[in-house]
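Just so you know, these numbers come straight off a predicted model, no measurement behind them. Below, chains carry the letters A, B, ... as their sequence lines are ordered, and counting in each starts from 1.
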Amino acid sequence: MNSFEPKIIGFLCNWCSYAGADLAGVSRFQYSPNIRVIRVMCSTRISPNLVLEVFKSGADGVIVGGCHIGDCHYMTGNYYTDKRMKLTKELVELAGIEPERLALEWISASEGEKFARVVTEFVDRIRHLGPIPTKNDQKLMKRLEAAAEASKLFRLRLLSGKELRLTGKGNVYGEMIEAEKMDEILDSAVNDEYDRSLILELTKNNALSVKELASEIGKSAEATLGHVATLRARNLLSICSIDGFTPRYKAIRLGGA
Amino acid sequence: MKEDIRIGVFVCHCGTNIGGFVDVPSVVEYSRTLPGVIYATGNLYTCAEDGLASIRDAIKEHHLNRVIVASCTPRTHAPLFQGVCEEAGLNKYLFTFVNIREHCSWVHMKEGPKATEKAKDLVRMGVARAQLLEPKEEARIDVEPKALVIGGGISGMVAATSIANHGFPVYLVEKEADFGGFVRNLNNLYLGGKDATEMLKPIVDQVTSNKNIIKCLKSKVAGVDGFIGNYQVALDVDGKEVKDKVGVIVLATGADEYVPEGLFGYDLYENVVTLTEFEILCKRKTLPKISSIAFIQCVGSRGHVKSYCSRICCNVAIKNALNIAENYQNILGKDERGAVVEKVGVDMKAPEEIAERRRRRRGRRDREGGEEEAEAPAPSEGIEIAIFNRDIMSYGLEHELNYNKAREKHVRFVRYSPANPPKVYTENGKLVVDYWHDTLKLQRKMNVDMIVLSTPLVSPPSAPGISKLLKVPLGQDGFFLEAHVKLRPVDFATDGIFVCGTAKGPADITECVFQAQAAASRAAIPLARGYVQAEALTAIVDADICTGCGTCIEVCPYGALRKNMDGVAEVIVAACKGCGCCGATCPEGAIDLSHYTDSQLLAEAKAALQEAIQ
């Protein structure tokens, strides 16, 4: 396994983590050369979809670096990063990838030593995990694609964007939602939307029955039927053919064909 | 028509800083093989004049429309190279920085070949990014040469006068009927001991006589909308609405004194007062005759109720102790019966039943204690003064001298631990401070006539409303939060709004004046220049995709998004800071961030992952 050199992408915010990485350089703290840093203005800019796309492109690990909570250059940016990365981790895990491959780290401009340590430890961890399994596994790739699609959905993005407000200030009616309750809501939304995206992914080229879909996504037929009904209501899935009494479904491609 | 991409890559040796660890010639050679790269070269020092000249010349000679410099960090050197590009007629947003020193040669010093590979990867990422860059124009925004100062206390008055003296009209908004704020309560000031009214008067006079200051008493800010240079403000001036446009806003709303309800017998005994109430007593010359007095420090601060140290109370207590020891006759009231002052903070006044209880007790004592008042006003030597403290923070040049002076005058400094604070109760109609003497290891009692509680300055109840109105943040203690505690202490993160004085935390008058003058000079910059240049790093809304859900407006920390006439989101370019939060949040994916678009970031990532790491 020693010959495996992981490819790590690091998204660092300009004001803290990137500056921390600069300080590591100035102080000559040595670390593993496996990371490729992409500078962004704020970690809040990193959407779940971007991370999943990077995994799809073959990254073995992704580090997102931001300012410590409360120190964000843009005041509240990293609170959202925190929420978004939690959501992303769930999706990564659902896609069958070890969630440890995504790390969210708060590194300040003065923590050059921490940056070097975080990178070295992260690279070691990924080296231990081995190459990302999607590379040679079409099935896993499909799941990752489903997760990436799910991360683009209105419902998940809306929920993750509103989470802070709903748990902090309440909705327009002034009703507050407790953090745990909110986690539950998000959790079930993530699971549902991921399953639905996976169904769409699986039925892209093949017409499948509910039973087949259920075994593919590893859920009960009843739950799967629920998803199928929702997707049909959203006009994303249609009955392609009926096999005896068993309808087979296929994803509707947008733009015809 | 698709533009022909012509990239120039300049790889810096940085002496041996990069060249000593990374094989620069091979990186240059590799760069030439990358798509769109027309020209690549190595420089000994790209940032030296000959290096800069080589960029300038190459842009002209090879008609480059993208420039990549692979050297140190954009955090220090990007403006230099961007400037050179602009000199050569290339838009500065077409410049890409690749960091192969801080992020490569310096941190992989022992891994030569790997460092070179990484440098190549980083250049490839830069090339991928450069392909997708677009020229940007920075918007120039005119600034309305007027200011609004909120709060007519010492900070607000100083700030307003200072801006007005630059020649700009200033609205000075004060909620009370007079200027002066909190200082009006005070008797005399530490450092110099000058009378507070005397100190205040010239400052108020400067305000009232200044033609550039539009004085708004009994006024409130009703609405604020807009961004730097163009704030539409609505003021409620004594019931009348005034609307105008101002370029900048200075916030100086001050602080209140914490009312120690339920602490140290404050609501039970009338002779237990707060520092400010004590100041009011002294100022009105209504201090009751006392033979002993105790100051209790850190009441409600430093982890007690509030987490912070209120910074001023140690020195105020020392000053008051010295006042009693040296200047007793001057603050003594003629009415020898006892102290009753209106408590500060009208909203937080003791409930009626407590007031009633006080009245009853006063009546009773009047009846009982008729004969005792035989003595003439005692000379101050007879007065026992104790300051119960956790630690005395008499910082700086002069306070320590005052502290020593107080000790010379036999003011007792008694330490207590937060775990075992003194207790206050009455015994035979006299106030008692019951405390643990840590040196003697004894529980002791001190009979006192009056107790002064040093409570912290707290953020006033109006702060959250103002915070919402101006869209500026409050810190965890409820005070306004500056953009950066060290580097931008009077700026808000929002451009064009500044903060000074106790609105931002406990401060004494000297510090308030510092801050006010600092805020005024910061605020005068855009006013004097007449325009501001907005960075072209802003969110971009795709109006065709936007459904107008408003989530972006909620998450934007700068109020830089609004709904336009068509009901879709619109970016206020002048206010947008380009953090990208809205973009990552937008449920429809309708928002992207210019210069850091999703496709640019993804292109970089894909370029990095394109080849295996050796």
May I have the step-by-step check of side-chain contact (heavy atoms from CB on, under 4.5 Å) for Leu601(B) and Val54(A), ending in yes or no?
CA-CA 10 Å; Leu601(B) 298 181; Val54(A) 169; over 6 Å; no

Take Thr585(B) and Arg84(A) through the side-chain contact (heavy atoms from CB on, under 4.5 Å) test and state the conclusion after the steps.
CA-CA 9 Å; Thr585(B) 304; Arg84(A) 280 199 251 284; 3.0 Å; yes

Give the intermediate values and the outcome of side-chain contact (heavy atoms from CB on, under 4.5 Å) for residues Val37(A) and Met125(B).
CA-CA 10 Å; Val37(A) 167; Met125(B) 290 161 70; over 6 Å; no

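Listed options Lys162(A), Arg155(A), Lys152(A) were ranked by heavy-atom pairs under 4.5 angstrom with chain B; first place goes to Lys162(A). The candidate from Gly589(B), Pro74(B), Cys72(B), Cys549(B) with the greatest count of non-hydrogen atom pairs under 4.5 Å with chain A is Pro74(B). The choice from Tyr18(A), Phe11(A), Trp15(A), Phe29(A) that makes the most heavy-atom pairs within less than 4.5 Å of chain B is Tyr18(A).
Using a 4.5 Å cut-off between heavy atoms, Leu153(A) contacts chain B through its backbone alone, with no side-chain atom that close. When heavy atoms are compared at a cutoff of 4.5 Å, Glu604(B) approaches chain A by way of both its backbone and its side chain. Proximity to chain A is absent for every atom of Leu481(B), based on heavy atoms less than 4.5 angstrom apart. If you measure heavy-atom distances from Ala116(A) to chain B, you find no contacts under 4.5 Å at all. In this structure, chain B has heavy atoms under 4.5 Å from both the backbone and the side chain of Ile38(A).
Put simply, the side chain of Arg157(A) never gets that close to the backbone of Glu588(B): no donor and acceptor are under 3.5 Å apart. Checking side-chain atoms of Lys114(B) against main-chain N and O of Ser32(A) turns up no donor-acceptor pair under 3.5 Å. The main-chain N or O of Tyr31(A) is found under 3.5 Å from a side-chain atom of His108(B) such that the two form a donor-acceptor pair.
Contact between Asn14(A) and Arg75(B) at its shortest, heavy atoms only, is O-NH1, 2.6 Å. Considering all non-hydrogen atoms of both residues, Pro587(B) and Leu158(A) come closest at CG-CD1, 3.4 Å. Nearest heavy-atom pair across Cys581(B) and Tyr80(A) is SG-CD1, 3.5 Å. Of all non-hydrogen atoms in Lys7(A) and Leu609(B), the two that sit nearest each other are NZ-O, 2.8 Å. The minimum heavy-atom distance between Met109(B) and Gln30(A), with the atom names listed, is N-OE1, 2.7 Å. Between Ala21(A) and His103(B), the closest heavy-atom pair is CB-NE2, 3.3 Å.
With rounding to the nearest 0.5 Å, the separation of CD in Glu117(B) from CD in Glu5(A) is 12.0 Å.
Between Asp22(A) and Asn99(B) there is a side-chain heavy-atom pair separated by less than 4.5 Å.
For the side-chain contact (heavy atoms from CB on, under 4.5 Å) criterion with Thr44(A), the lone passing option out of Cys582(B), Pro557(B), Cys579(B) is Cys579(B).
A salt bridge links Asp598(B) to Arg45(A): one of the charged nitrogens lies within less than 4.0 Å of a carboxylate oxygen.
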